Amino acid sequence: TGVIFYFMMPAITVPNMLIANLIVAVVLLPLLLYVIQPGEKVETKVLSPLIIFFSVGLIGVIVVIILGFTTLDEAHQSITVQEEEEAEPLTKDETPITVAPEFARNKIQKAMSVVPNPQFYDLGKLQVQKVKEEIVYVAPVEFAGFWKYLRGKETAGYFTISATNVNAQPEFHDNAMQYTNSSYFNKYVQRVIYNKYPHYIQSGEAQIEVDDEGKPWYVQTVYRPMHVTNKPNLEDLKVVVIDPTSGDMQMFDTNEAPEFIEGSVSSEMATLENNYFGKYIHGWLNSVFGKRDVKLPNESGSESGVTPIFDENGDMFYFTDMTSPKENIDSALGYTLVDARTGELTYYGGEKNNGIMDSEGAKQIVNKEFPEKKWEGYMPVLYNVDGNPTWVVNVLDPNGLHKQYAYIKANDSDFVVFGDTANETLDAYRMALLQDPGNVGATDE
């Protein structure tokens, strides 16, 4: 049991303990029955208690499963929600583009030769954040395997690359780290957190965030489950911040984390929150049978089904669009922004969003434009451009290289503008809007 707990690290919750004990019992019971000799005394002292144990355990599992379904309603109600008609329009100086992470990863992979002993390492998870007023992708260098960990002992550092400039080049930062996502034994970040906070469930994989001095920190969203289930209370999320050099850690409420941390709420938790918000709006039974007002999040985002974006104040949000649970429906019912520090969800579902295509439809328009080149659309994000809902899509080739931007009018699949640079495409799209008599023109206001 100790070996299982050391490597699997199940949080100490009622469902996990029930399952763990039942698994151990199922594995050891045949051995026990093989060793003992049958007889009336054995049946009384051994088999009868075993039958009672299994009966109680089975009843416990059934009760937990039933409570798990009923707790879904409470999990939905724990979401802090605001509803808005539409997003604020862009000003003429804003460029609503970020570089697709596939393209950024491709560029960084080509620069791995600058890392000392590059044969020891692979590139870790990309995380977008704001460092010294610049929005960048941060990617840690991780161990390539167990034997490389034994040889290297510590990773070499991390890369940064602009998330808004497709012509930017990656920069390597020499900063050795011992406690990482790819380390082993007691240097493995998830195990370090588990050893100190075994009653908390970890959401997704820990991610790197960099402070203003360039020092990296591992950041992990955690939560205590509700009642006797593993469901999160979305009003009470925590974040653990770990020094990857010393292993020192501290827990905060997500909205009280150090200011340099943009994503104290993980993208995985934002995706779960979107799912609870749309699916269980009228309870679990309605999500199965009637499905009245049910909305499902699309999975077109760049991180775990959501796409991080920044507002005019520099605050980060996770974007995703919501679609109907009915198959073969390509229209969006609205979209959400989840605050990456507080977890507060804002739903945009006004009349101007009625009849617009969803993110999958926007990607398909791009994919059909260049069939011979096999260019595809990535990271679609819905913006309000001069009062017109507009999908902005990165166009990448099969090797992950950036080729163009696409601006698609969300309520008119034939209204598409492609361009090589962000500003050029935005200007061309606005000019096309002006020339269409059915559109509102852009003004200085």
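Since this is a predicted model, take the numbers as computed values, not measurements.
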Nearest-0.5 Å distance that lies between atom [atom1] in [X] and atom [atom2] in [Y]:
X: N367; Y: E369; atom1: CG; atom2: CD; answer: 10.5 Å
X: D414; Y: K409; atom1: CG; atom2: NZ; answer: 11.0 Å
X: N394; Y: M379; atom1: CG; atom2: CE; answer: 4.5 Å
X: Y407; Y: L433; atom1: OH; atom2: CG; answer: 11.0 Å
X: T13; Y: N230; atom1: OG1; atom2: CG; answer: 4.0 Å
X: H282; Y: K291; atom1: NE2; atom2: NZ; answer: 14.5 Å

Quick one: does [X]'s side chain have a donor or acceptor within less than 3.5 Å of a partner on [Y]'s backbone?
X: D358; Y: T323; answer: no
X: N233; Y: E235; answer: yes
X: Q207; Y: G263; answer: yes
X: N181; Y: A206; answer: yes
X: E262; Y: K130; answer: yes
X: N274; Y: A270; answer: yes
X: Y378; Y: H402; answer: no
X: R105; Y: A100; answer: no
X: Y318; Y: V265; answer: yes
X: S264; Y: T254; answer: yes

Under a 4.5 Å cut-off applied to non-hydrogen side-chain atoms, are [X] and [Y] in contact?
X: I193; Y: Q202; value: yes
X: N286; Y: V294; value: yes
X: I261; Y: V241; value: yes
X: L272; Y: P232; value: yes
X: E376; Y: V395; value: no
X: Y348; Y: E85; value: no
X: Y223; Y: M269; value: yes
X: T155; Y: F143; value: yes

Please list, chain by chain and in numerical order, all residues satisfying side-chain hydrogen bond (donor to acceptor under 3.5 Å, both in side chains) with [X], sequence neighbours excluded.
X: D211; answer: W217
X: S203; answer: S266
X: H199; answer: none
X: S183; answer: T180

Taking only residues two or more places apart in sequence, or in another chain, which ones meet [X] in a ring-ring contact (aromatic ring centres under 6.0 Å, His included)?
X: Y137; answer: none
X: Y280; answer: Y276
X: F5; answer: none
X: F277; answer: Y347

Original post:
Counting only heavy atoms not in Q178, do more than 12 sit closer than 6.0 Å to its CD atom?
Top reply: yes
Subject >> All side chain to side chain contact (heavy atoms under 4.5 Å, CB included) counterparts of A410, not counting sequence neighbours >> reply: I356, L382, P389, W391
Of all the heavy-atom pairs spanning [X] and [Y], show the shortest one and how long it is.
X: E134; Y: S162; result: OE2-CB, 3.7 Å
X: A104; Y: V99; result: N-CG1, 4.3 Å
X: T425; Y: G419; result: OG1-CA, 3.1 Å
X: V393; Y: G377; result: CG1-CA, 3.6 Å
X: I108; Y: P170; result: CG1-CB, 3.8 Å
X: W375; Y: P398; result: CD1-CD, 4.3 Å

Subject >> Criterion side chain to side chain contact (heavy atoms under 4.5 Å, CB included) on V239 and V219, from CA distance to verdict >> reply: CA-CA 7 Å; V239 61; V219 176; 3.3 Å; yes
Verify whether the ring centers belonging to [X] and [Y] lie closer than 6.0 Å.
X: F319; Y: Y335; result: yes
X: Y179; Y: Y218; result: no
X: F418; Y: F370; result: yes

Which residues share a salt bridge (charged side-chain N to carboxylate O under 4.0 Å, His left out) with [X], sequence neighbours left out:
X: D253; value: K238
X: E360; value: K363
X: K125; value: E268

**OP:** List the steps, then state whether side chain to side chain donor-acceptor pair (under 3.5 Å) holds for T342 with N255.
**Re:** CA-CA 5 Å; T342 67; N255 61 336; over 6 Å; no
Original post:
Under the 6.0 Å and 45° cation-pi test, does R191 pair with F185?
Top reply: no
**OP:** List the steps, then state whether side chain to side chain contact (heavy atoms under 4.5 Å, CB included) holds for V366 with I408.
**Re:** CA-CA 9 Å; V366 174; I408 307 169; 4.0 Å; yes
**OP:** Show your reasoning for whether side chain to side chain contact (heavy atoms under 4.5 Å, CB included) applies to V136 and I161.
**Re:** CA-CA 5 Å; V136 298; I161 187 171; over 6 Å; no
**OP:** Could you please spell out the steps behind the side chain to side chain contact (heavy atoms under 4.5 Å, CB included) verdict for F159 and Q109?
**Re:** CA-CA 10 Å; F159 282 93; Q109 291 280 17; over 6 Å; no
Subject >> Under-4.0 Å salt bridge between D386 and R430 >> reply: yes
Original post:
Do the ring planes of F146 and Y149 sit parallel (below 30°), tilted (30 to 60°) or perpendicular (above 60°)?
Top reply: tilted
